[in-house]
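Worksheet: one structure, shown below.
Hydrogens, waters and symmetry mates are skipped; everything else that's a heavy atom, side chains included, is used. Note that ligands are numbered from 1 as they come in the structure, with each ligand's atoms numbered from 1 the same way.
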Amino acid sequence: MRLTKIKGQILKILKKEKGIVSGEALSSEIGISRVSIWKHIRKLQELGYNIAVNTKGYQLIDSPDALFPWEFPERESKIHFFPEVTSTMDIAQKLARNGCPHFTVVIAGRQKNGRGRLKRPWQSSEGGLYFTIVLRPQIPPLLSLRLNFAASLVLAQLLRRMYCVNAMVKWPNDILINKRKISGILSEIVAESDIASFINIGFGINVNNDPTEEEPSATSLRSITGKKISRKQLLAEFLDEFENYINHTDIDKIIPEWKNYTTTLNRHVKIVTNQDTSEGTAVDVDENGELILQLADGSIKKIVYGDCFHI
Ligand code: BTN
């Protein structure tokens, strides 16, 4: 039995019982010795779980806002948690190349080398939510780009529902609340022949962290709501909603639905890429997610990628 599974089982029993549970009861229910139970309890305490111990047994007083695999029991075997990594994109890339299953999730407490779009760094201090999902959609690479739009759409809808905030999407996939950035999405696709072998979608969400002074247009969920937010609850709900959405939604409906949540359309924008800058009115987003810009001379330019500034 995997050791993390045992911790999950212990916590499940302690949560269900609420009161004191004897070592003997835990040991017989899980099928390991009382000494092993004690060792797992010690480890859980070290990890921040407040478990009271007395002669009668163990009682769970409080759990930390932790993102350990056993906190997501339905998907535990596909969750990888690291207190610190370079970037969850690096780990997810390795796992995907080694054949990890669809909807594997790599989560980090913080990242030393978090990456943003256009090769920019992504500040990843403690308190934020940083994770990458490995998807194996078995569709052509161009179509799989729509999954990025599904990701930002589902996240914006969820933030609205959970925290009553006016989350909007800025092309291509930034989530803004009150015009300030709360989340960014980065994706990497690897294709073999005409089919994407995997698409890794990385999410950075400012939750309880304070964005740095280098990110003046960023904000966090805690600043907006005035409350500390449970990252565990947000991530659990997002994974369920996103998986459900991509399993049941017609891929052709993603971008039309996404358009209902964007603030980019029908406004004057500046798009900066590594090569050039374009300015014009954002008139539409096509079925592949390309932004259709009408330039000052009336001509149309399609933009595949870039940094979008609403001006
Ligand atoms: C952006 O530039 O807006 C995209 C930011 C994406 C950041 C996330 S954090 C988790 C994952 N790991 C990374 O290194 N980047 C993405």
Side-chain angles (χ1 to χ4, degrees), residues 67 79-97 100 103-135 145 147-156 159 167-177 179-190 198-212 214-221 229 231-232 234-235 238-239 242 258 261-264 269 271-274 289 291 303-310:
L67 304 170
I79 299 262
H80 300 258
F81 171 79
F82 302 90
E84 182 176 270
V85 288
T86 50
S87 158
T88 55
M89 301 306 281
D90 299 340
I91 312 281
Q93 172 93 230
K94 278 193 201 126
L95 290 171
R97 287 191 189 280
C100 71
F103 226 87
T104 292
V105 185
V106 180
I107 310 166
R110 50 185 186 274
Q111 301 182 112
K112 283 185 288 189
N113 195 16
R115 304 203 296 266
R117 292 174 58 252
L118 302 170
K119 300 204 169 106
R120 277 189 307 246
W122 180 264
Q123 304 296 334
S124 311
S125 56
E126 199 69 50
L129 198 44
Y130 315 107
F131 61 100
T132 299
I133 306 179
V134 179
L135 299 175
L145 289 176
L147 297 173
N148 295 325
F149 289 81
S152 52
L153 165 65
V154 171
L155 184 54
L159 294 174
M168 301 295 291
V169 192
K170 178 165 78 80
W171 183 88
N173 299 121
D174 287 353
I175 311 264
L176 310 183
I177 299 177
K179 300 190 183 157
R180 298 179 77 184
K181 184 159 167 172
I182 201 90
S183 168
I185 291 175
L186 174 72
S187 73
E188 293 173 352
I189 299 186
V190 169
F198 58 86
I199 169 166
N200 291 351
I201 308 187
F203 302 78
I205 311 176
N206 296 322
V207 183
N208 299 315
N209 55 315
D210 294 315
T212 61
E214 290 129 58
E215 312 158 281
S217 60
T219 185
S220 69
L221 281 172
I229 300 289
R231 294 173 309 158
K232 186 162 61 184
L234 172 56
L235 181 56
F238 176 72
L239 294 176
F242 184 47
W258 177 93
Y261 291 87
T262 187
T263 41
T264 299
V269 297
I271 309 291
V272 181
T273 71
N274 290 337
L291 185 68
I303 312 273
V304 184
Y305 79 98
D307 233 351
C308 175
F309 297 92
H310 291 168

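A distance of 12.0 Å separates CZ of Phe81 from CD1 of Ile91, quoted to the nearest 0.5 Å. In this structure, OG1 in Thr264 is found 6.5 Å from NZ in Lys170, a value given to the nearest 0.5 Å. Note that the CD1 atom of Ile177 and the CD1 atom of Ile182 stand 4.0 Å from one another [nearest 0.5 Å]. The CG atom of Asn148 sits 6.5 Å away from the CD1 atom of Ile189 when rounded to the nearest 0.5 Å.
Each of the following atoms of ligand 1 lies closer than 4.0 Å to a heavy atom of Phe131: 10 (C). Atom numbering of ligand 1 starts at 1 in the shown order; those under 4.0 Å from a heavy atom of Ser87 are 12 (N), 13 (C), 14 (O).
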Please determine whether side-chain contact (heavy atoms from CB on, under 4.5 Å) holds for the pair Asn200 and Thr88, giving the CA-CA distance in whole Å, both sets of side-chain angles, and the decisive distance to 0.1 Å.
CA-CA 10 Å; Asn200 291 351; Thr88 55; over 6 Å; no
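Nearest protein heavy-atom contact of atom 11 (C) of ligand 1 is Thr88 OG1, 3.2 Å. The protein atom (non-hydrogen) at minimum distance from atom 15 (N) of ligand 1 is Arg115 O, 2.7 Å. Considering only non-hydrogen protein atoms, atom 2 (O) of ligand 1 sits nearest to Arg117 N, 2.6 Å. The protein atom (non-hydrogen) at minimum distance from atom 3 (O) of ligand 1 is Lys181 NZ, 2.7 Å. When only non-hydrogen protein atoms are considered, atom 5 (C) of ligand 1 lies nearest to Trp122 CE3, 3.3 Å.
Contact annotation for Asp174 and ligand 1: only side-chain heavy atoms (C-beta onward) come within less than 4.0 Å of the ligand. Only side-chain heavy atoms of Thr132 come within less than 4.0 Å of ligand 1; its backbone N, CA, C and O stay farther off.
Heavy atoms of Gly114 approach ligand 1 to within less than 4.0 angstrom.
The aromatic rings of Phe103 and Phe242 lie tilted to each other, with the angle between the two planes from 30° to 60°.
For Trp171 and Thr262, the side-chain atoms include no donor-acceptor pair closer than 3.5 Å.
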